[in-house]
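Reading through the structure tokens given below for one structure.
Computed from heavy atoms alone, side chains included, the values below leave out hydrogens, waters and symmetry copies. Below, chain A is the first sequence line, B the second, and so on; all start at residue 1.
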2 protein chains.
Amino acid sequence: MARMSTGRKSTIYDIAKETGASTATVSMVLNGSWARYRIKEETANRILESARALGYNVNMKARGLRLSRSGLAGMVLPHYRNRFFAGLAQSFEDQARSRGLCPIVVGTQRDPEVEVSVVETLLSQRVELLFIAGVRNPTPLNALCAAAGVPSINLDLPGEAAPSVVSDNRHGARAITNLMMDKLEARGIPPSELVLLGGVANEYATDMRVAGFRDAFEARGLELAEDAVDRCGYNAGAARDALAARYQKLGRLPAGLLMNSITAFEGLVQLTSTLPTSDSKSAVVGCFDWDPFAVHLAFDVTMLRQDVQKIIAEAFTSTDNYDAPDRHLVMVPTRFGDMFDENEQTTEFDR
Amino acid sequence: MARMSTGRKSTIYDIAKETGASTATVSMVLNGSWARYRIKEETANRILESARALGYNVNMKARGLRLSRSGLAGMVLPHYRNRFFAGLAQSFEDQARSRGLCPIVVGTQRDPEVEVSVVETLLSQRVELLFIAGVRNPTPLNALCAAAGVPSINLDLPGEAAPSVVSDNRHGARAITNLMMDKLEARGIPPSELVLLGGVANEYATDMRVAGFRDAFEARGLELAEDAVDRCGYNAGAARDALAARYQKLGRLPAGLLMNSITAFEGLVQLTSTLPTSDSKSAVVGCFDWDPFAVHLAFDVTMLRQDVQKIIAEAFTSTDNYDAPDRHLVMVPTRFGDMFDENEQTTEFDR
DNA sequence: CTGAAAGCGCTTACAG
DNA sequence: CTGAAAGCGCTTACAG
């Protein structure tokens, strides 16, 4: 009776034949709309039983084609290699699933060609919505989605052509700068020793962080030194080199170091690993991203953490009331790394 | 002419109407098979142009339904929160794309119910193959795939019911144990001070690592102390507690610590952050996973790194010559963390 | 070289 | 309560 061994997947026709019901009845029973059609419970059970026996599994391709709803929710992001993007992916999956959608997230390595081709692929799979995370210029991707009639939302980095949800980098930057200044003062070091490294020019996140950094200085009536900010780029090597140059000039590390990204932070770690520990141990360090190991390095480090759950939740809200002309920008506050529950940071059964 | 502004996606019918060609011709031109059918190049160009103007994008749901090929490749994994899984996801995406498949990877949080429901969803989307990574008992999932006629491959943790590709944990364990013993001896500490912490009983990876640990002891003619191995679990807290207990008993940390997973390693870091640095700085530490920040912590740490690219490549090879009765086990060697190119560890434009 | 037609697996008005 | 039938968008033998 059951013939799960054959390669062919069973269809509603197989079940209809087996149970003597019509394909319509089978379809209704299988998709749960049968109660509405007053189908006998006994019939329904017979069909359900047969479906189980045949190892039946709906073909979403067919259902999706008929209903023009794929049940797919897409997200593109640069990669999974840091906690922020890993967390975004995770939260996206959880929330998509709880909305009955099948999450499909793809990493694009920040390659614009890959970005376009991935978005086209997702569109041809007929995703019902698309989140675009960490793409510096998402406008072409938003345009592709708009042409396909698919709502798109930008995450982390905003764009002109679609609603965007980003962290409140400016206030976060101001808060962490303040905290680091306090720490420096407590050590009797002038806060003007503080420098901000990393990020790139003309990028929203970097600009906001620099603005917040400035805000903190202004609030204290302090001048920002000429070379206090160095947008030396997003890769570890560049940050390492920029720091090494300062080390050369000063004969030591700057007393206060605010790193624009976890990758810039990695550059700092690379450099200090070649230095005598005493040189780095005294530095007051901060970073706009959080990492569970980085917080335990040999120096005093404060990490800002983005609220990925909130970012995703806001993004879904934006799709719920999605109307094309609306291009709003939602800001989600950041928190300090130690302000999260411990069990958000590590997981129970985890390797 | 172009009417990209309307919500409705354009279809081959729209293009046929616009160009005066038949839907068959349009279809052939659009899917690239037109040369074979001797369609005039001029016709083809006209159709291509019209497709562009209409913002046409194939509907893979329909094409997939017709061809019974979805173009989708699936992978499930526990999460993205460490470099191993993040790297697996990345490599999977790259290699799937280079094979013309659309990768779709989903995190299941190690929850067996989620695992089943995710696999069912992927199957109903008609993925053409499914990789199952880090699932302790993948057999029920393999069965689901088999029933649907979809090849499945287990990664990282093997299973009885499908081909499996895993790291060669035993040889890796032996190599890292050896290296740590050398380091201990160089400091005049007996290698028998070395302990292995983490992992769980009756799990393949843990068992193999313990076996390799034993191998290294035997090769030197050394006895393994009664309490040298503690499979205290995969979460950070348990490892921290197990270590704390030893700290109590010894009045210090064990001189050599081999941590079974990055999470157990996190437990070590949690503990040492509460200890005076001098206590931990002298420890010789090793770990079966690699993390870019963890390698720079205050103690001497050696990290083993799994070859994610090779694992994925082997898995794809297994699907290429997939025949149900074949349940082979492929072993992929591990390497030490510092044996990879620097640019594999950090990326150029990366935050 | 091109068109008419069937069919992939499903859903849902519409009749009975 | 159930069945026959059309149609979602595409592909591909099969005739012309």
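Look at CE on A:Met60: it is 19 Å from P on D:dC8, rounded to the nearest Å. When rounded to the nearest whole Å, the span between NZ of B:Lys61 and P of C:dT11 equals 14 Å. Atoms CG (A:Leu65) and C1' (D:dC10) sit 8 Å apart, rounded to a whole Å. Note: CG (A:Leu30) to P (D:dT2) measures 15 Å, nearest angstrom. Spacing between atom CD1 of B:Ile12 and atom C1' of D:dG7 amounts to 14 Å, rounded to whole angstrom units. Taking atom CH2 on B:Trp34 and atom P on D:dA13, their separation rounds to 19 Å, with Å as the unit. Between A:Tyr37 atom OH and D:dG3 atom C1' the separation is 14 Å, expressed in whole Å. Going from atom CZ of A:Arg63 over to atom P of D:dG9 covers 18 Å, rounded to whole Å.
Between C:dC10, D:dG9, C:dC1, one nucleotide has an atom nearer to the side chain of B:Arg38 than all others, and that is C:dC1. The nucleotide whose nearest atom lies closest to any side-chain atom of A:Thr43 is, among C:dG9, D:dC10, D:dT2, D:dT2. Taking the side chain of A:Val58 as heavy atoms from C-beta on, and the options C:dG3, D:dT2, C:dC10, the nearest nucleotide is C:dC10. With distances taken from any side-chain atom of A:Asn31 to the nucleotides D:dG9, C:dT12, C:dC1, the minimum falls on C:dT12.
D:dA4 is unpaired under the criterion used here, namely a Watson-Crick or G-U wobble arrangement in which both key atom distances are under 3.5 Å. Judged by Watson-Crick or G-U wobble contacts below 3.5 Å, the nucleotide D:dA13 has no partner.
Contact check, B:Arg66 against C:dG7: no side-chain N or O comes under 4.0 Å of OP1 or OP2. Distances shown here put a side-chain N or O of A:Ser22 below 4.0 Å from the OP1 or OP2 atom of D:dG3. Checking the phosphate oxygens (OP1, OP2) of D:dT11, no side-chain nitrogen or oxygen of B:Thr23 falls inside 4.0 Å.
Within 4.0 Å (heavy atoms only), B:Thr25 reaches sugar-phosphate atoms of the nucleic acid but no base atom. Residue contacts shown for B:Leu67 are limited to sugar-phosphate atoms, with no base heavy atom under 4.0 Å away. Counting any heavy atom pair closer than 4.0 Å across all strands shown, B:Met28 reaches a base atom. Contacts of B:Ser33 with the nucleic acid, taken as non-hydrogen atoms under 4.0 Å apart, are absent.
A gap of 16 Å separates the C1' atoms of C:dT12 and C:dG16, to the nearest Å. D:dG9 and D:dA13 have their P atoms separated by 23 Å, with the value rounded to a whole Å.
Minimum interatomic distance between A:Ser318 and A:His328 (heavy atoms only, all atoms of both residues): OG-NE2, 3.1 Å.
Side-chain N/O atoms of B:Tyr13 and base N/O atoms of D:dC10 include a donor-acceptor pair closer than 3.5 Å.
Judged by distance alone, the side chains of A:Gln309 and A:Gln95 never bring a donor and an acceptor atom under 3.5 Å apart.
Note that CD of B:Gln306 and CG of B:Leu88 are 7.5 Å apart. Values are rounded to the nearest 0.5 Å. Residue A:Met60 holds its CE atom at 12.5 Å from CG of B:Leu65, rounded to the nearest 0.5 Å.
For B:Ala24 and B:Ser68, each mapped to the nucleotide of DNA chain C holding its nearest heavy atom, the one lying further toward the 5' end belongs to B:Ala24.
Salt-bridge formation is detected for the pair B:Asp320/B:Arg99: a Lys NZ or Arg NE/NH1/NH2 atom is positioned less than 4.0 Å from an Asp or Glu carboxylate oxygen.
Among A:Leu130, A:Val105, A:Val150, A:Leu72, the one residue that satisfies the side chain to side chain contact (heavy atoms under 4.5 Å, CB included) test with A:Leu122 is A:Leu130.
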